[in-house]
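Please read the structure below before turning to the comments.
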Amino acid sequence: MKKIIAIIRPNKLEDVKQALEEIGCNGITVKDVKGRGRQLGITESYRGRDYKVDLLPKTEIEIVTKDEEVEDIVKSIVKTGQTGNIGDGKIFISTVEEVVRIRTGERGDKAI
Amino acid sequence: MKKIIAIIRPNKLEDVKQALEEIGCNGITVKDVKGRGRQLGITESYRGRDYKVDLLPKTEIEIVTKDEEVEDIVKSIVKTGQTGNIGDGKIFISTVEEVVRIRTGERGDKAI
Amino acid sequence: MKKIIAIIRPNKLEDVKQALEEIGCNGITVKDVKGRGRQLGITESYRGRDYKVDLLPKTEIEIVTKDEEVEDIVKSIVKTGQTGNIGDGKIFISTVEEVVRIRTGERGDKAI
Amino acid sequence: MDLVLNSGDTAWMLISTALVILMTIPGLALFYGGLIRRENVLNTIFLSFVAFAIVSILWFIYGYDLAFGHNIYGFIGTLSNPFFNNVVESNALSTYAPTIPEGLYAVFEMTFAAITVALISGAVVERMKFTAWLAFIPVWLTLVYIPVAHWMWGGGWLAQMGALDFAGGTVVHLNCGMAALALVLLMGVRKNTKLLPHHLGYSILGTGLLWFGWFGFNAGSALGATNLAVSAMIVTNSAAAMGMLTWMLMDKLKTGKPTLLGALSGAIAGLACITPAAGYVNFTASLIIGFAGSFFAYYAVSSLKSRLGYDDALDVFGIHGVCGIVGTIGAGIFATTAINSAIKGGLLYGNPAQLGIQLLAILSIGAYSLIMTLIIGKVIDKTIGLRVEEEQEISGLDITLHEESGYRLS
Amino acid sequence: MDLVLNSGDTAWMLISTALVILMTIPGLALFYGGLIRRENVLNTIFLSFVAFAIVSILWFIYGYDLAFGHNIYGFIGTLSNPFFNNVVESNALSTYAPTIPEGLYAVFEMTFAAITVALISGAVVERMKFTAWLAFIPVWLTLVYIPVAHWMWGGGWLAQMGALDFAGGTVVHLNCGMAALALVLLMGVRKNTKLLPHHLGYSILGTGLLWFGWFGFNAGSALGATNLAVSAMIVTNSAAAMGMLTWMLMDKLKTGKPTLLGALSGAIAGLACITPAAGYVNFTASLIIGFAGSFFAYYAVSSLKSRLGYDDALDVFGIHGVCGIVGTIGAGIFATTAINSAIKGGLLYGNPAQLGIQLLAILSIGAYSLIMTLIIGKVIDKTIGLRVEEEQEISGLDITLHEESGYRLS
Amino acid sequence: MDLVLNSGDTAWMLISTALVILMTIPGLALFYGGLIRRENVLNTIFLSFVAFAIVSILWFIYGYDLAFGHNIYGFIGTLSNPFFNNVVESNALSTYAPTIPEGLYAVFEMTFAAITVALISGAVVERMKFTAWLAFIPVWLTLVYIPVAHWMWGGGWLAQMGALDFAGGTVVHLNCGMAALALVLLMGVRKNTKLLPHHLGYSILGTGLLWFGWFGFNAGSALGATNLAVSAMIVTNSAAAMGMLTWMLMDKLKTGKPTLLGALSGAIAGLACITPAAGYVNFTASLIIGFAGSFFAYYAVSSLKSRLGYDDALDVFGIHGVCGIVGTIGAGIFATTAINSAIKGGLLYGNPAQLGIQLLAILSIGAYSLIMTLIIGKVIDKTIGLRVEEEQEISGLDITLHEESGYRLS
Ligand SMILES: Nc1ncnc2c1ncn2[C@@H]1O[C@H](COP(=O)(O)OP(=O)(O)O)[C@@H](O)[C@H]1O
Ligand SMILES: Nc1ncnc2c1ncn2[C@@H]1O[C@H](COP(=O)(O)OP(=O)(O)O)[C@@H](O)[C@H]1O
Ligand SMILES: Nc1ncnc2c1ncn2[C@@H]1O[C@H](COP(=O)(O)OP(=O)(O)O)[C@@H](O)[C@H]1O
């Protein structure tokens, strides 16, 4: 089983969520995060002074899924999350050894 | 060493935290997240219109621990976090290669 | 590729961020979390009663990087994040199998 | 009898003036600010503040004279004291309210002009260019508000016909509602039209301050500390209460649960619709008017808007426009000489003609405001542009237009 | 001397009325709303708003007459003008305050009734059914508030005995405190009784608005713009300040650090306990009363409550009930004819009997309110049910009862 | 003519007093509270609340007499009625305002003392020991505020020379600005001096309440419901509006975008600088004064501060100090007998000497405040210590000094 962590633009969340739903990926966990990458920060100004804010709001989506579904999910996220501008974000994939459904205690693939 | 990520109901946090303390698991990191799974969303209504909110508030607990303690921790979370209704959440277990304690620079098991 | 998760004191974020920038590590994702470890909680009091708050605010930094850069990053975090007092936090390192840049669809090391 | 300044009337009008100012800044600003997306909170609030500031200045440069100065053909007043020159200095009492200084009447009326402009902003939030708004304020004030105020309150043709608008059902509420409608027709629909309030606490506070300030608005419109002011205060409060309970009931019937935003919206509806009638009707009538205003506003907001498809973001037309109409008709029905001996009474009290005059006022002011605002909006659209870039709308206006953010809570 | 309307007195009472309304909506609503869990913020605030709306209407339908109408056997007034029919129209001045219109006295008194009901809600938040609260409001208003107000202020038996309650130590504070106690005894303890305020900013603002509004409450109770109103304003302010400093000191002594919530609570305690005495005592006495009120409230809140185990969520009994008692006794001790020539003075000024009358007022009103509220609460519990489902209590009342959420900040 | 209480004047002064109280608690407290780091929000707000409470009490024990009592050598008043003994009881009217009770004049003046102290706190937030602040309040009130108020308003030497300060350009704004400067010079720079407001909503609300309350401050300083009060209200509002628009323009020119915090800051600047001139100048002059105040404050805040390197956290000197000076000079230039017949007029109206007197007032009060505050601050630093531990500054003062936190939103 794999864990997919996708960092996307906050205003792409609705689209990505819907795209995932369409390919049958329902279980997701979402976090508000802030990020820095190649994207330049933004400037805020208060009382005549500029302040550089380099951590920009991003949304992180965490999905644990079966190995065979990873590719579809990644493609779907890339497709809907892309604007082509710097700041679109990243996807990280790693291995998960065990999944447990708290409600039933089920484990493994069927707990996803 | 393993990383346990448990997504639970926010109102179960107190109980789970206490249960973990009882089995000697003190080091935990907690995040406010939102999640979607089998659980139906909730409806909010403003000025006569209904809006479907499908991401519900959840709490994510991150615990890094020794391999041999994983089972106890998982059991403890399942036991205290369970209500039996859809939405109780999931536990994901994966491998961590190295742990460093920032205060001392210690590494490995003794840094946990 | 590795994922480094560092849990640090919120007021050390500025320093750590800058130190990482200096060693060329620009891509980071930051989360507000709460944590418990060896550090004692704090007490809050309202209307003559004391309440123990054991989850303290922490900041989690997530960095995905090439294997060879891990050591430098860890050292840099330990150096700047350390105060020597309990509560300085932990660093967890694990393996990431794939990285995808959403903007371009690039994969692997060059997507980092 | 010699006219002398009455210090009690003056005290009441001083505080009434301050109360109406509080309604706009920060009352209305916060009410609106709580309802939109977090990324637009500062811009939304800014629209009200800057409207207030600009009107504050222009009103004394020329606005008051054009609205309330010597009447020219029933359409507009004369500019006799530009920059309010020599008005305060002359120690004159107001011809409209002969127990208080003229300056006091002028500043009290200023607050009505300011809130009317600010109210419009609720419709265009989350997508209007800030510069376009800055341009809109003086033009609309001059070409729409001032003439309309003159017709109704400054001795203009509607006043001469005996149209009743105690505190602004047509001049304020209908007027801003139609202008809001005109602007949103020109600007089109936002990318995200969901009404998911980001911070209802602001709107709760805003409603509280509006309700409080409305006593200055309505009971202040008695222009003195009189029994009429008392009467206006009582019916203002009961119509608001009735409006609140009515909306709660509608919520219960339609979506199953009474909502707090609904209760607040109903209270505003009740307050808006009693406004034109506040100095003419009794307690029982205020319950009926409050009920009707809230009832029709509920339908306008929950059904009409989605059916017609315009994007009146915070329901300026749906609540203020609709309630301005309901209340103005209500005044034509329930007005009674037992409450206010200076009028002829309404339909129920043997004067059906009043209802006709009220309808005429609604039609003429409504049409004038709609058409003029369409023209003004179109001109601004062609020159400055009404709407922000799509990218700015998505990222939010606070950061893109003002380089500020509303919250730094973590 | 002919009685004529005094415009200065009328101006002061108009604004005083508006000030007391501001105390409830949004003052008290926000004060309470900041102290509870985030998931209940809207419901908590809603309880005050809806109480205000319902009382606003019922008061003029029959409440005012029953409380202040022609006295029947010292127990209740007569309903002579249902729906406030012909009161405003008659241009009559108030028999209770012969320089202001009767309508103004009526609406001023309405604000007291409304806040008393709203105050009770602080005890039952986070667990009371909304429908049960809707039912409770009119019943309690009618069966408890109105008779008690009549006894003390409407010429009833306590008034006839010369009991002193300038602005509501018994009628408002003790009354709501005992009712709160009765309800929480019936409803039991919440699953989570920790007082961990979710947003103190609301409570800070609420306290500011309460303090501000309290000048209308206390100095307004002089019923005119007189030297007595000035005196009441001064002692109201100093008792609040003293209450604040006292609580800070207690905090320092007991938990080691002065807290801001403590300071706010102390200020409210000071304000509550000077209320019955505000028109009778001098500056020095106000310091003593403010100190005593805050001191006893601190103990009630921090020790008594946990020892007795009732769950008075926001300390309505602990602060308002206790301070109502302290202040009513204080009036019996420190009242002086040098401040108010219409009374006989208290213990310190050679009239020990006054203290006995004060104690009688406390006992009778306290007992009446407790017992009647127990009965009313029991009946509602058996019919509608007082308490929400456990699942609703856990998930929070905003989403489960109103389908709304207070914050959408991310 | 016999002096009798005028109920209209009394009504206006009662509400004006309440309005100025609202400015401090919660107006100023929230304005400041929104601008700092989240971890210090409660402590910042607490500083204003506790200053208000302490001044409230001391003012009536001895403050009023020392400031406004019988004049001794032009420097200080006599303590004739400690604990306000027998003032209210005597039913006396004020010698300063012979149509209102003396108690009312005293409590009105109290509100000025309180806000002046609270204003200072804006400079020292995020790093001052709470105990040091508690000690500072009574000492500074007694040694600085009271003498200065006496010189200017209590018949002292500046009053005798004919210096003009209608509502506190020198006594309040310059005074608090210089004291702020003195304290920050002693305390040094914070570890983090970035002005990144954590919750602008509080500052928006605070500004709204300040603006509203300022009508009590300035128009209330007419001491009655008169045409002069009306004039002061008009120019107060227009100067605020002009200040707001000016700052927006400067923002636009300097950083490219108008900001809401800038607009609020400009409004406060406009309000502060019209304060000393509010009862002396006409509408046109108010625009010039509002513009100048905002313009100079903008430079002080955005350039001067960083160039000189002092850490005046929330720009108490930069806004209040600077605007106090600008407005006091403005009064010397634009004051006219056409608005206020009790004065001689300023430079533009043929009385250049007035400008000299104004400059003398600025210099003497500015220097006195700076030097005395340096001494007081130094003594407190040596005894109690002015500054918190570094660890407390980093962790935030709410949790370390008060064991509370401002938000529990998740
Ligand atoms: N190496 C990394 N580790 C963790 N997070 C990263 C990394 N690189 C980028 N991110 C996250 O992705 C977001 C977008 O990255 P950025 O470099 O701006 O865009 P792009 O991927 O289009 O080049 C960042 O704000 C950050 O949250
Ligand atoms: N595959 C998944 N990947 C990531 N998070 C998940 C996944 N499935 C469920 N979750 C998280 O667990 C929460 C509960 O899941 P849900 O399906 O509603 O309950 P249950 O586990 O009882 O069937 C979701 O809200 C979501 O946060
Ligand atoms: N085993 C663990 N798993 C997850 N998070 C941990 C663990 N141990 C510590 N943490 C995180 O690190 C933070 C600091 O840990 P603590 O034990 O207080 O300090 P130290 O590392 O100096 O002993 C905690 O607040 C928690 O967020």
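The structure presented is a predicted model; accordingly, all values stated were derived computationally and were not measured. Below, read A as the first sequence line, B as the second, and so on, with proteins coming before strands; counting in each chain starts at 1. For the numbers below, each heavy atom of this structure counts, side chains included, while hydrogens, waters and symmetry mates do not.
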*Could you give the distance from NZ (B:Lys2) to CD (A:Glu98), rounded to the nearest 0.5 Å?*
10.5 Å

_Contact leader toward chain A among B:Leu56, B:Asp54, B:Val70, where contacts are heavy-atom pairs under 4.5 Å_ = B:Asp54

*Taking atom OG1 of A:Thr29 and atom CD of B:Glu60, what is their separation to the nearest 0.5 Å?*
6.5 Å

*Return the minimal non-hydrogen interatomic distance between A:Val96 and B:Ser94, and the atom names on each side.*
CA-CB, 4.2 Å

*Taking all atoms of both residues into account, what is the closest heavy-atom pair of A:Ile112 and B:Arg38, and its distance?*
O-NH2, 4.4 Å

*Can you tell me if CD on A:Glu97 sees more than 12 non-hydrogen neighbours from other groups inside 6.0 Å?*
yes

*CD1 of B:Ile93 to CE of A:Met1: how many Å apart, nearest 0.5 Å?*
9.0 Å

_Nearest 0.5 Å, please: how far is CZ in A:Arg103 from CD1 in B:Ile86?_
4.5 Å

*Got a second to check how far A:Ile102's CD1 is from B:Lys12's NZ, nearest 0.5 Å?*
10.5 Å

*Measuring from B:Lys34:NZ to A:Ile28:CD1, what's the distance to the nearest 0.5 Å?*
11.0 Å

_I'd like to know which of A:Lys31, A:Lys3, A:Lys17 tops the heavy-atom pair count under 4.5 Å against chain B._
A:Lys17

_Test item: B:Lys90 side-chain N/O and A:Ala111 main-chain N/O as donor-acceptor pair under 3.5 Å_ = yes

_Test side-chain contact (heavy atoms from CB on, under 4.5 Å) on A:Val64 and B:Ile5; report intermediate values, then the result._
CA-CA 11 Å; A:Val64 172; B:Ile5 287 190; over 6 Å; no

*If every non-hydrogen atom of B:Val74 is compared with every non-hydrogen atom of A:Arg107, which pair is closest and at what distance?*
CG1-NH2, 3.4 Å

*Does a sphere of radius 6.0 Å around CD in A:Gln18 hold more than 12 heavy atoms from other residues, nucleotides or ligands, not counting ones at 6.0 Å or beyond?*
no

*Checking heavy atoms, do the side chain of A:Leu13, its backbone, both or neither come under 4.5 Å from chain B?*
side chain

